[in-house]
Asks: 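Quick one: the structure is below, and I'll ask about it shortly.
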Amino acid sequence: MKTKSNLDEMQRGKLLKIEEIGVWLAFWGLLAAVIVQLLLKADLTQVIGEICVFALVSVYLCVASIKNGLWTASIAASRKTNALFSIVPAAAIGLVSAVKAFVISGNPLQAALFIQLVVSMAVVYVACFAALEALRLCHDKKRRELDGGEE
Amino acid sequence: MLLCDWEVIEISRNLRIKAARAALDMSQKALAEAVGISRQTMNAIEQGDYNPTIRLCRAICRVLGKTLDELFWEEDEHEDKKQSG
């Protein structure tokens, strides 16, 4: 049964905008909460709930966008931009790991630890780039499908 | 330029709805109720702060007994001014 809306089209638009901002606040807030907890030496099992919710929201946003042939509003889907933006999570992981290892845990600067850090950053970079490229290929395919329909 | 900006603001306001409404001696609230929207939305349309969908435009036209052209069509000259402004 379809329920009658109390809102008109402009009010619905405004509500959607409010909800959109709320979702992004929750999304980045959740990520920040996970990072802070990990920095405060929380065990991974203590933040597993937050990580699951974060992963679920991320997967939903990706799948829903790709299914509708949407990428971002301001950044074009290309290999170059994917290569560039994969640096962000790699750098973030590097920074968080470095702060945790050297500042919070107080480990001395060692070559082995440094190499481990660089390797983890490289792994994150490659994983992000591969995931973004896979999404871009799905997006391009869907875009062709949506734009190629009969008139 | 100030004068140019003022002109653009005046053009973006939909004074034609207001005039058609006044001709029928209809308040903003009455028109909003007749088309099934809030007065806030009706006011935003008249002020040029909100672009209604074609469905809502048609509903407004039906209530006011006007055509889409009469209430919502903007001359090319105005469009050009808006784009350059």
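By convention in this document, chain letters (A, B, ...) are assigned in the order of the sequence lines, proteins followed by strands, and residues within each chain are numbered from 1. None of the values given here were measured: they were computed from a predicted structure.
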Asks: Do Ile37(B) and Phe72(B) sit in one hydrophobic cluster, given that two such residues count as connected whenever their side-chain heavy atoms are within less than 4.5 Å of each other, even indirectly?
Replies: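 Per the 4.5 Å side-chain linkage, Ile37(B) and Phe72(B) are co-clustered.
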Asks: Are Leu31(A) and Ile48(A) linked, directly or through intermediate hydrophobic residues, by side-chain heavy-atom contacts shorter than 4.5 Å (ILVMFWY only)?
Replies: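 Ile48(A) does not cluster with Leu31(A).
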Asks: Could you pull out all residues at least two apart from Val96(A) that satisfy side chain to side chain contact (heavy atoms under 4.5 Å, CB included)?
Replies: Ile35(A), Leu39(A)
Asks: Taking Leu71(B) as the starting point, is it possible to reach Met10(A) by hopping between hydrophobic residues whose side chains are less than 4.5 Å apart?
Replies: yes
Asks: Table up the donor-acceptor pairs between chain B and chain A that sit under 3.5 Å, atom names plus distance.
Replies:
unit_1: Ser38(B); atom_1: N; unit_2: Asp8(A); atom_2: OD2; d: 2.7
unit_1: Ser38(B); atom_1: OG; unit_2: Asp8(A); atom_2: OD2; d: 2.8
unit_1: Ser38(B); atom_1: OG; unit_2: Gln11(A); atom_2: NE2; d: 3.4
unit_1: Gln40(B); atom_1: OE1; unit_2: Gln11(A); atom_2: NE2; d: 3.3
unit_1: Thr41(B); atom_1: OG1; unit_2: Asp8(A); atom_2: OD1; d: 2.9
unit_1: Thr41(B); atom_1: OG1; unit_2: Asp8(A); atom_2: OD2; d: 2.7
unit_1: Tyr50(B); atom_1: OH; unit_2: Glu9(A); atom_2: OE2; d: 2.8
unit_1: Thr53(B); atom_1: N; unit_2: Glu9(A); atom_2: OE2; d: 2.9
unit_1: Thr53(B); atom_1: OG1; unit_2: Glu9(A); atom_2: OE1; d: 2.5
unit_1: Thr53(B); atom_1: OG1; unit_2: Glu9(A); atom_2: OE2; d: 3.4

Asks: Same cluster for Val63(A) and Val53(A) if Ile/Leu/Val/Met/Phe/Trp/Tyr side chains link at under 4.5 Å?
Replies: no
Asks: Just checking Leu40(A): does its CG atom have more than 12 heavy atoms from other residues, nucleotides or ligands closer to it than 6.0 angstrom?
Replies: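 Counting neighbours around CG of Leu40(A), more than 12 heavy atoms of other residues, nucleotides or ligands fall under 6.0 Å, so yes.
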